[in-house]
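Okay, structure first, notes after.
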Amino acid sequence: MNDVQLHAGGDASSHRRRKSTGIIEINGPEGQRKTLNLAEMSDADAQLAAQFGYKPVFKREFGYLSTFSFAVSISGLFATIMTTFSYPLYAGGSAAAVWCWLISGAGCMCIACSVAELVSAYPTSGGLYFTISRLAPQDWVPALSWITGWINLLGQVAGVASSEYGAAQMLLAAVSMGRDFNYTITTNTTIGVMAALTVLTGVVNSLSTYWMEKMTKTYVIFHVLVLLSCSIALLVMTKDKHDAHYVFTDVEPTSGWSPAGFSFLFGFLSVSWTMTDYDATAHITEEISEPEIKAPWAISLAMLFTYLAGFLFNIVLCFCMGDPATILASPIVQPVAQIFYNSLGKSGGIFFTVCGFIIIKFVCFTAMQALGRTVFAFSRDRLIPGHNIWTKINSKTGTPLWAVWISVFFCIVINLIGLGSYAAISGVFNICAIALDWSYCIPIACKLLFGKFEPGPWNLGVYGKFVNAWACLWTLFVSIIFILPTVRPVTAQTMNYASVFLVFILGCAALFWYISGRKNYSGPVIEAEGYDSNGDAALAYDGERKSELP
């Protein structure tokens, strides 16, 4: 990791960006020395160096539209509802699909707004993990940031892996429709296709940020058009639609849990898996101009769109789905794709299923971009073994290729467990929602408990504490639900393996902590040495910790 020496004019500790006018001196890995003038850097790059002590290494290609589109693409609303619609149907039927979305979505919005507030104050590619260093007491920073970082990393790997698995399911469902259902979809085939699609995602993420920004910018328009056209087509073409009484009140739990109200709660997973990964936008803030403004607005508006549009789309699906038992028993293992086929015929079913596949691949592209930047940021802070490798930036693409491809590897590996048990794949979906939300709520709780938060331009004002508190309480509640088995009686084929994944990754993180972390890790690395406006030393950054100088 290069060492950076900062001579910044002005108050670098302010969380509202202001232009610095000093210089930074960079010592390269081969001993070369380079001096950069902060006045010649963009405001955001100068802030990254002066306020957070990191050397800018990415090009800031993302503007308002592409940042918003990136945030929308992370949810992949149309496709992720296709992937998880079976969960509320098993849990409680039509009523669960509708009301679980409305109830759980409100909790997810509180988490999203809380995350957006933190991103505005601390726009670095480390995301919520980095905020621990600014929100918690110094003695608590190493352990809390370590836990937050590893849980977030687990959640992102599980998120990409489960999205790639969903993409493979959709592609094979379209193939099966094209062959008039004379094609048997096996778990082994799905995993093989998943692996190939994950490699494709890695190839796309090997492109420069310039091309990633261009691809992302057009996505949101395509997504909205598909969502609207599909909803209209279903409502017009479905002959025997359910009535409103059925859609909003029918409860048909098939999970085996009783009473029915308890089974109903398992429907929350569809919402939590769709409305998550809020901090993905945070992980590309070092590639966004004016990130303290654009990133939080993108997060909050994208999640609001997902919340409202998702609620309406679920209602449309419930009106048009026919018998839930029939679509859940579909040979293509895709209830929503089966709805498309039943209502729109073979051509319409294939068309919208392929649209769902394209959309979820955009989810994978953007989620992998965020994951690669997370691996880079965590390696920059010495959180991951082999950190010197994963922080290398390719000179031609300007992207961390090694970080991208190690992410591809582990996303494939985590899905290989499906070769032994299909039920384990459901655990990947569950652990994604649990791990990511926990990694958000740890810094949110620190903000509430320690009073060290200095708001950025985008903040919740007087409502912040109430929104933050509900975000933490809601996460605690749904986490308990998501680690319980969703079907009774519990067997090896119906067990919820999310708890196994969580224990495994926390065990690995704990082992690495006791072997190396507790001796060598003291929180996010700061690469700069700061001086006040008179040139006197004010803050010292020794490459591992920040401390006040006398």
Side-chain angles (χ1 to χ4, degrees), residues 73-105 107-108 155 158-171 173 190 194 223 227 230 253-255 263-277 303 306-307 309-318 321 324 327-328 330 332-340 352-353 356-357 359-364 367 415 418 422-437 478 481-484 486-487 496-498:
S73 69
I74 285 296
S75 68
L77 174 62
F78 181 82
T80 49
I81 287 181
M82 286 183 65
T83 305
T84 59
F85 190 65
S86 60
Y87 287 93
L89 287 190
Y90 278 120
S94 177
V98 173
W99 298 115
C100 281
W101 191 280
L102 187 67
I103 297 168
S104 184
C108 291
V160 176
S162 53
S163 297
E164 295 285 9
Y165 193 89
Q169 285 183 315
M170 288 182 205
L171 183 59
T190 305
M194 172 278 304
H223 192 174
L227 191 63
C230 182
T254 59
S255 65
S263 176
F264 191 91
L265 301 178
F266 292 110
F268 289 146
L269 177 62
S270 177
V271 195
S272 292
W273 191 75
T274 299
M275 292 183 64
T276 192
D277 211 1
M303 288 304 110
T306 302
Y307 180 35
F311 179 62
L312 296 175
F313 189 52
N314 270 281
I315 293 174
V316 170
L317 291 177
C318 289
M321 69 180 176
I327 62 171
L328 287 172
S330 169
I332 58 177
V333 202
Q334 261 292 336
V336 176
Q338 189 66 52
I339 295 173
F340 296 161
F352 282 110
T353 301
F357 167 75
I359 288 171
I360 203 167
K361 280 307 296 178
F362 265 100
V363 173
C364 297
N415 269 333
Y422 175 76
I425 296 297
S426 296
V428 178
F429 283 74
N430 288 351
I431 197 59
C432 168
I434 295 172
L436 286 175
D437 286 353
V478 294
I481 301 299
F482 293 161
I483 62 174
L484 295 174
T486 56
V487 178
N496 185 349
Y497 288 89

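Since the structure is predicted, the reported quantities are computational estimates derived from the model, not experimental observations.
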Donor-acceptor under 3.5 Å ([X] side chain, [Y] main chain):
X: Tyr90; Y: Gly267; value: no
X: Thr80; Y: Ser75; value: yes
X: Trp101; Y: Val271; value: no

Could you give the distance from [atom1] ([X]) to [atom2] ([Y]), rounded to the nearest 0.5 Å?
X: Phe85; Y: Thr274; atom1: CZ; atom2: OG1; answer: 11.5 Å
X: Ser94; Y: Leu317; atom1: OG; atom2: CG; answer: 10.0 Å
X: Phe311; Y: Trp99; atom1: CZ; atom2: CH2; answer: 5.0 Å
X: Phe340; Y: Thr353; atom1: CZ; atom2: OG1; answer: 6.0 Å
X: Ile434; Y: Ser272; atom1: CD1; atom2: OG; answer: 9.5 Å
X: Cys100; Y: Asn314; atom1: SG; atom2: CG; answer: 9.5 Å

Nearest heavy atoms of [X] and [Y], plus distance in Å:
X: Met303; Y: Met275; value: O-CE, 3.7 Å
X: Gly166; Y: Thr83; value: CA-CG2, 4.1 Å
X: Phe357; Y: Ala167; value: CD1-O, 3.3 Å
X: Ile81; Y: Val336; value: O-CG2, 4.1 Å
X: Ala168; Y: Met194; value: CB-N, 3.7 Å
X: Ala367; Y: Val160; value: CB-CG2, 3.7 Å

- Message: Under 6.0 Å between ring centres: does that hold for Phe78 and Phe313?
- Response: yes
- Check step by step if side chain to side chain contact (heavy atoms under 4.5 Å, CB included) holds for Leu89 and Ile327. CA-CA 10 Å; Leu89 287 190; Ile327 62 171; 3.8 Å; yes
- Would you call Met170 and Ile360 a side-chain contact if the rule is heavy atoms closer than 4.5 Å? yes
- Item | Stepwise side chain to side chain contact (heavy atoms under 4.5 Å, CB included) check, Gln169 with Tyr165 | CA-CA 6 Å; Gln169 285 183 315; Tyr165 193 89; 3.6 Å; yes
- Leu269 and Thr84: side chain to side chain contact (heavy atoms under 4.5 Å, CB included), yes or no, with the steps? CA-CA 8 Å; Leu269 177 62; Thr84 59; 5.9 Å; no
- Query: Phe362 and His223: side chain to side chain contact (heavy atoms under 4.5 Å, CB included), yes or no, with the steps?
  - Reply: CA-CA 10 Å; Phe362 265 100; His223 192 174; over 6 Å; no
